[in-house]
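Since this is a predicted model, take the numbers as computed values, not measurements. In what follows, chains are A, B, ... by sequence order, proteins preceding strands, each numbered from 1.
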2 protein chains.
Amino acid sequence: MSKPATAAGDLPRYHQISNILTERIELGKYAIGDLLPTEQDLCAEFDVSRYTIREALRRLTEAGLVRRRQGSGSQVVANKVPANFVHSMRSLSELFQYASDTVFKITAVEMQVPEPEVQPYLGETADEPWLYVEGVRLEADGRTPIAFSRVFINREFEGIAGDLPSVGGTIFRLIEQRYGVTVEDVEQEIRAEPMGKYAAKLLGSSTRIWAVRVIRRYFGEDGKILQISVNYHPADRFSYSMHLRREGAKGWV
Amino acid sequence: MSKPATAAGDLPRYHQISNILTERIELGKYAIGDLLPTEQDLCAEFDVSRYTIREALRRLTEAGLVRRRQGSGSQVVANKVPANFVHSMRSLSELFQYASDTVFKITAVEMQVPEPEVQPYLGETADEPWLYVEGVRLEADGRTPIAFSRVFINREFEGIAGDLPSVGGTIFRLIEQRYGVTVEDVEQEIRAEPMGKYAAKLLGSSTRIWAVRVIRRYFGEDGKILQISVNYHPADRFSYSMHLRREGAKGWV
DNA sequence: TGGGTAAATATGTCCGGACAAATTTTAGGT
DNA sequence: ACCTAAAATTTGTCCGGACATATTTACCCA
C-alpha cells in the first residue's frame with residue numbers, strides 16, 4: 001500500500017483511506033472487537049501524516065464503525081455503516097400537519113372499552129375502560145372540517161374530562177400539563193380506507209368517501225400508553241409530508 | 001477575550017470556544033444568515049491556533065448551527081440546536097417499509113420531460129428531460145405486486161440506464177455507487193387517491209382501485225434533485241408506520 | 001499467584017506552517 | 001452600467017512537531 005494519489009477530481013487522501021479501511025472492516029479483515037492498526041502503523045502503511053490518518057479514523061468513528069480510546073486504540077464496533085436519516089420536529093404539533101389555530105369540536109365524552117378496531121393497538125390494556133372522546137377538528141373558521149377523531153385516554157387521566165370542552169389545543173398537551181407526565185414516544189400509522197358513514201356525515205359528506213386514517217399512540221416515560229387517537233381525514237384534502245436529512249457521516253459505497 | 005484556560009478538569013479549548021460561539025449565536029449577536037468572523041480573526045480574538053478554531057467551528061457545523069464554505073466563510077444557518085422528536089432510520093431502505101429482497105421489474109426506460117403531475121416537484125428543472133424508468137415492485141416471489149413506480153432520474157446520471165436491468169436494490173443506491181454522490185435529504189409526501197387504470201392493470205387489478213401515492217425526492221449535497229420517484233401502492237395493502245422518540249430536553253417551545 | 005508501581009504505548013489537544021481550491025472583490029475595458 | 005479577468009480572501013487538505021492523558025504492559029515484591 002502506498003500514498004493515495006490526489007490528482008484533480010480524486011477524493012481527499014483521508015477520504016480514500018477511510019474507504020479502504022471501511023472495506024477491510026466489511027470484508028472481516030478487521031473483525032468486530034478487533035483493534036485497528038495504530039495511527040503510527042497506518043501512517044507508515046499509507047505514507048501519510050498522522051493528521052490524515054486521524055481524519056480518516058474520525059470518519060470511521062462518525063460512521064459508527066469504530067470507537068477510539070486514548071491509550072487503548074481504535075476498536076471495530078460494527079461492520080456496516082448505519083447511515084442515519086432523521087426526520088425531526090420541534091414539537092409534536094408538527095406531527096399533525098394542520099395549523100395550530102384549528103378547533104376540536106367534541107361530540108361525545110364517556111368511559112368506554114375500546115372497540116375491536118383499536119384493541120390491537122392496546123396490548124394488555126385492551127379490556128379496560130378508557131376515557132373516550134369523539135369529535136371533529138375544524139379549520140379556524142369553525143366550519144371547514146379537517147378530520148373526524150376518536151380519542152382514547154388512559155383512565156389515570158380521566159380527571160381531564162371536565163377540561164375538555166375548552167380544549168383549543170391538543171388533548172395530550174392537556175394531559176401533560178394537568179398531570180405532569182411527558183410524552184416520550186409516539187407511534188404513528190397511516191393507511192387509506194373507505195370512511196364510515198357516520199364519520200363522513202360529520203365531515204359534511206352524504207356519499208361514501210375515502211379517508212386517510214392516522215392512528216397515533218402516545219407513550220409515557222415508563223412505556224405506558226397515555227392516549228390513542230384515531231383520525232379520519234378526507235382523502236381529497238389530506239397529504240402527509242416529511243423531510244429526512246442525513247446525519248453523521250456520509251454513506252459508503 | 002483571551003486564550004481559554006485549560007486547567008485540570010476544564011474542557012478542551014476548542015470545546016470552550018464552540019460554547020462561547022454557540023451562546024453568541026443564540027443571543028443573536030451572529031444572526032441567521034450572518035457570517036461569523038473569519039478563522040483568522042477568531043484566532044486573534046481567542047489567542048489560539050487555527051487548528052483549535054477549526055475544531056470549534058467543526059462542532060458548530062456538526063450541531064447544525066453553521067455551514068462552512070471554502071472561500072466564503074462560516075454562515076449561521078440556525079440559532080437553536082434543533083429537534084425534540086426524532087424519527088430515524090438506519091438507511092433509506094427503511095423508508096420504503098417493504099422487505100429488502102423485493103424485486104423491481106422494469107417496464108420502460110427512456111429520456112422524457114416529466115408530465116404535469118410531477119412538474120411542481122421539480123422547480124426550475126421542470127422543462128428538462130430526465131431519465132424515466134417505470135416498473136412494478138414485486139415481493140421476493142417475483143409475483144405479488146407491491147407498488148407501481150415512475151422514477152425520474154437527473155440526466156447527469158443517465159449512464160446508469162445500462163445497469164438498470166440488473167437492479168435488485170434501489171436506483172438511488174445505484175446512482176450513489178456509480179457516481180460517488182450522496183443522498184443528503186429526502187422529501188416524502190403521502191396521499192390517497194384513485195389509481196389510474198394503467199397502473200392498476202399492472203398491479204393485477206381490473207377494477208378501479210384506490211392507491212396510496214408516495215412521492216419521494218432525493219437531494220444531493222448541493223441541494224440538486226438527484227431523483228424523484230412516484231409510487232402507487234394498492235390502498236388495501238399499504239400502511240405507513242413511524243416511531244418518534246423524544247430527544248434532548250423535555251418541555252415545549 | 002496476586003497486587004502495586006513504573007514504564008511504555010496509543011490516542012487527544014494544540015501549535016505552526018505550506019499549498020490548494022472555492023468564493024468574493026477589485027480593477028480595467030467597452 | 002456591465003462584463004471579464006485578475007487579485008485577494010477564506011476555508012480545505014496535509015505536513016511535522018510537541019506535550020498531555022488514558023490505557024496497557026512489564027516488573028517487582030510479598
With sequence neighbours left out, write down each residue that passes side-chain contact (heavy atoms from CB on, under 4.5 Å) with [X], or none if nothing qualifies.
X       : value
R59(B)  : Y14(B), H15(B), S18(B)
S72(B)  : R69(B)
E110(B) : Q112(B), Y132(B)
L138(B) : K105(B), V136(B), P145(B)

Atom [atom1] of [X] and atom [atom2] of [N]: how far apart are they, to the nearest Å?
X      : N       : atom1 : atom2 : answer
D41(A) : dT9(C)  : CG    : C1'   : 11 Å
R68(B) : dA21(C) : CZ    : C1'   : 14 Å
F46(B) : dT13(C) : CZ    : C1'   : 17 Å
Q75(A) : dA22(D) : CD    : P     : 19 Å
E55(A) : dG12(C) : CD    : P     : 12 Å
R59(B) : dG12(C) : CZ    : C1'   : 14 Å
D10(A) : dA21(C) : CG    : P     : 11 Å

What pairs of donor and acceptor atoms, side-chain ones from residues 27-37 of chain B against any protein atom, are under 3.5 angstrom apart with sequence neighbours left out?
unit_1, atom_1, unit_2, atom_2, d
Y30(B), OH, R24(B), NH1, 3.1
D34(B), OD2, A31(B), N, 2.9

inquiry  = Test of understanding: with side-chain hydrogen bond (donor to acceptor under 3.5 Å, both in side chains), list the residues that count as partners of T38(A), not counting sequence neighbours.
reply    =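 For T38(A), the residues satisfying side-chain hydrogen bond (donor to acceptor under 3.5 Å, both in side chains) (neighbours in sequence not counted) are D41(A).
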query = Distance-only, no hydrogens or angles: does the N154(A) side chain make a donor-acceptor pair with backbone N or O of Q227(A) under 3.5 Å?
reply =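 Checking the backbone N and O of Q227(A) against the side chain of N154(A), no donor-acceptor pair under 3.5 Å is found.
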Is there any protein nitrogen or oxygen under 3.5 Å from a nitrogen or oxygen in nucleotides 8-10 of chain D, and what are the pairs?
unit_1, atom_1, unit_2, atom_2, d
dT10(D), O2, G71(B), N, 2.8

key: Contacts of R155(B) that satisfy salt bridge (charged side-chain N to carboxylate O under 4.0 Å, His left out) - sequence neighbours left out   = E128(B)
Polar atom pairs (N or O), protein with nucleotides 14-17 of chain D, under 3.5 Å:
unit_1, atom_1, unit_2, atom_2, d
dC14(D), OP1, R13(A), N, 2.8
dC14(D), OP2, R13(A), N, 3.1
dC14(D), OP2, Y14(A), N, 3.4
dC14(D), O3', R13(A), NH1, 3.3
dC15(D), OP1, K3(A), NZ, 3.0
dC15(D), OP2, S49(A), N, 2.7
dC15(D), OP2, S49(A), OG, 2.6
dC15(D), OP2, T52(A), OG1, 2.4

